[in-house]
Amino acid sequence: MTTTTGATTAPTLQQAVTPARIMGISWGIAHTGTLIAALDLGIFTCIAQGYRRAREIATETGCSEEGIARLLDAVGALGLVEPQDDAGETSYALAPDAAAFLVEGRTGYIGDLRHMHHELNFTVWPTLADTVRAGSPTTDYFGSDGSSLWTQVTPYLDQLAAAAQQWLAPTLARRLPPDSSVLDLGCGSGGYSRLIAQSRTDASVIGVDRSEVIDAFSRKAADAGLSGQVCGVAGDLREVIRAEPDDSHDLVMLCNLLHGYDLTECQALMQQVARVLKPSGRVAIFEIVPDPLAPMSNPVATFFGLQMLMTSGGHAYDAATYRALCESVGLRYYEEARCPSGPQTLITAATSPL
Ligand SMILES: C[S@@+](CC[C@H](N)C(=O)[O-])C[C@H]1O[C@@H](n2cnc3c(N)ncnc32)[C@H](O)[C@@H]1O
């Protein structure tokens with residue numbers, strides 16, 4: 001059975017059992033390929049600009065008319081465009097979500113997700129069976145010096161994470177004490193902590209990431225007029241944090257970071273985090289957290305566990321694991337909140353009541 005979102009649900013006992021659901025799952029690769037090709041070619045942007053027929057879009061994109069017609073049929077099958085009869089010719093209108101999120105230049109644009117697929121997913125997913133056999137990735141994109149991957153990908157993370165940033169930053173900022181110090185480990189281009197700095201002009205932010213990535217972090221902070229308030233430190237964050245004094249930060253942010261490391265590395269890092277936090281300070285872990293007893297409640301989180309197996313020594317750890325990690329370093333006061341606009345969960349923990 002297929003739901004209106006395109007997701008498939010298992011047949012109940014009363015329904016005839018057919019292979020339809022399995023066939024639908026097996027075509028998932030075609031869904032991804034179609035979406036990414038349409039983004040690569042700027043199809044949604046063309047339609048938004050008023051080029052609504054296959055031949056117009058073909059001319060505009062420099063593609064064959066036959067190819068564009070077939071791609072539009074497939075994009076229509078995904079429900080992202082709606083074909084209409086236009087005086088005997090087919091023209092295409094954007095579905096509301098495609099209009100909001102897939103048109104370049106619009107505020108909500110998330111089409112940069114295509115870079116994640118080109119740089120990573122199209123390479124690693126075909127290796128899944130081999131990785132499962134071996135139990136570890138052929139390439140550790142995360143823990144080793146995976147900087148080339150991250151320089152390709154981090155420029156796009158801000159745009160993809162815009163909705164989550166709009167939720168996370170105020171949630172954390174409103175609980176900061178006056179004149180606080182924020183340490184953003186594995187900051188990437190810094191969308192989360194930059195928003196905190198913008199809303200809390202009394203706070204100072206230190207972002208830490210590899211040298212190739214920290215340049216983008218510092219540039220974006222400067223563009224936002226935050227150079228005096230936000231500082232980028234280049235290096236391996238595991239070494240940088242060891243050099244930080246005890247009791248020096250009100251908030252340590254680990255956004256989309258711990259999933260890249262095995263539990264021994266996570267534990268070592270969390271020990272340092274607990275050491276550098278002020279007695280009233282907090283750690284904020286923002287992660288894709290699956291529910292092992294309800295894998296379909298957050299499928300992205302469940303697939304993310306495999307993604308991590310193929311790319312790192314880490315995992316999409318569940319909430320019990322994060323809680324145990326926090327408690328093992330004395331951060332006993334623990335809270336969780338699911339982000340309303342993304343697959344992540346915010347976990348905050350402290351040594352004293354939050
Ligand atoms: C998935 S990205 C998350 C970026 C950002 N925190 C966000 O949520 O958008 C992980 C980041 O951690 C950085 N990183 C991972 N391990 C690191 C290490 N050992 N030292 C410095 N940076 C590291 C990567 O370079 C990358 O920018």
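Both ligands and their constituent atoms are indexed starting at 1 by order of listing. For reference, positions follow the sequence shown, starting with 1.
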Classify the contact between [X] and ligand 1 as side chain, backbone, both or neither, using a heavy-atom distance cut-off of under 4.0 Å.
| X | value |
| --- | --- |
| Arg238 | side chain |
| Ser189 | neither |
| Leu257 | side chain |
| Tyr156 | neither |
| Phe286 | neither |

May I ask you to check if ligand 1 and [X] share an N or O to N or O distance below 3.5 Å?
| X | result |
| --- | --- |
| Leu185 | no |
| Tyr261 | yes |
| Cys255 | yes |
| Asp236 | yes |
| His259 | no |

How many angstroms lie between atom [atom1] of [X] and atom [atom2] of [Y], to the nearest 0.5 angstrom?
| X | Y | atom1 | atom2 | value |
| --- | --- | --- | --- | --- |
| Gln344 | Leu168 | CD | CG | 8.5 Å |
| Ile285 | Glu336 | CD1 | CD | 10.0 Å |
| Leu185 | Arg238 | CG | CZ | 11.5 Å |

In sequence, state the C-alpha distance, the side-chain angles, and the governing distance for Arg194 and Leu226, and then conclude on side-chain contact (heavy atoms from CB on, under 4.5 Å).
-> CA-CA 8 Å; Arg194 198 168 51 248; Leu226 296 168; 3.3 Å; yes

Could you give me the CA-CA distance, side-chain angles and deciding distance for Leu237 and Arg210, then say whether side-chain contact (heavy atoms from CB on, under 4.5 Å) is met?
-> CA-CA 8 Å; Leu237 62 89; Arg210 298 186 171 105; over 6 Å; no

Residues Ser180 and Asp250: side-chain donor-acceptor under 3.5 angstrom =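 There is no such pair (donor and acceptor under 3.5 Å, judged by atom type) between the side chains of Ser180 and Asp250.
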
Please tell me if the side chains of Gln165 and Asp158 come closer than 4.5 Å, counting only heavy atoms from C-beta onward.
->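 Heavy-atom side-chain distance check passes, below 4.5 Å.
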
Could you tell me how the ring of Phe122 sits relative to the ring of His117: parallel (under 30°), tilted (30 to 60°) or perpendicular (over 60°)?
->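 The arrangement is tilted - the two ring planes meet at 30° to 60°.
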
Looking at Glu89, Glu60, Glu65, which one forms a side chain to side chain donor-acceptor pair (under 3.5 Å) with Arg55?
->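 The single option meeting the side chain to side chain donor-acceptor pair (under 3.5 Å) with Arg55 is Glu89.
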
Close-contact set for ligand 1 against Gly235 heavy atoms, below 4.0 Å |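 Listed by number with element: 20 (N), 21 (C).
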
Against heavy atoms of Gly186, which atoms of ligand 1 measure under 4.0 Å?
->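 That gives atoms 3 (C), 4 (C), 5 (C), 6 (N), 11 (C), 12 (O), 13 (C) of ligand 1.
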
Can you find a non-hydrogen atom of Cys187 under 4.0 Å from ligand 1?
->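 Heavy atoms of Cys187 do come under 4.0 Å of ligand 1.
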
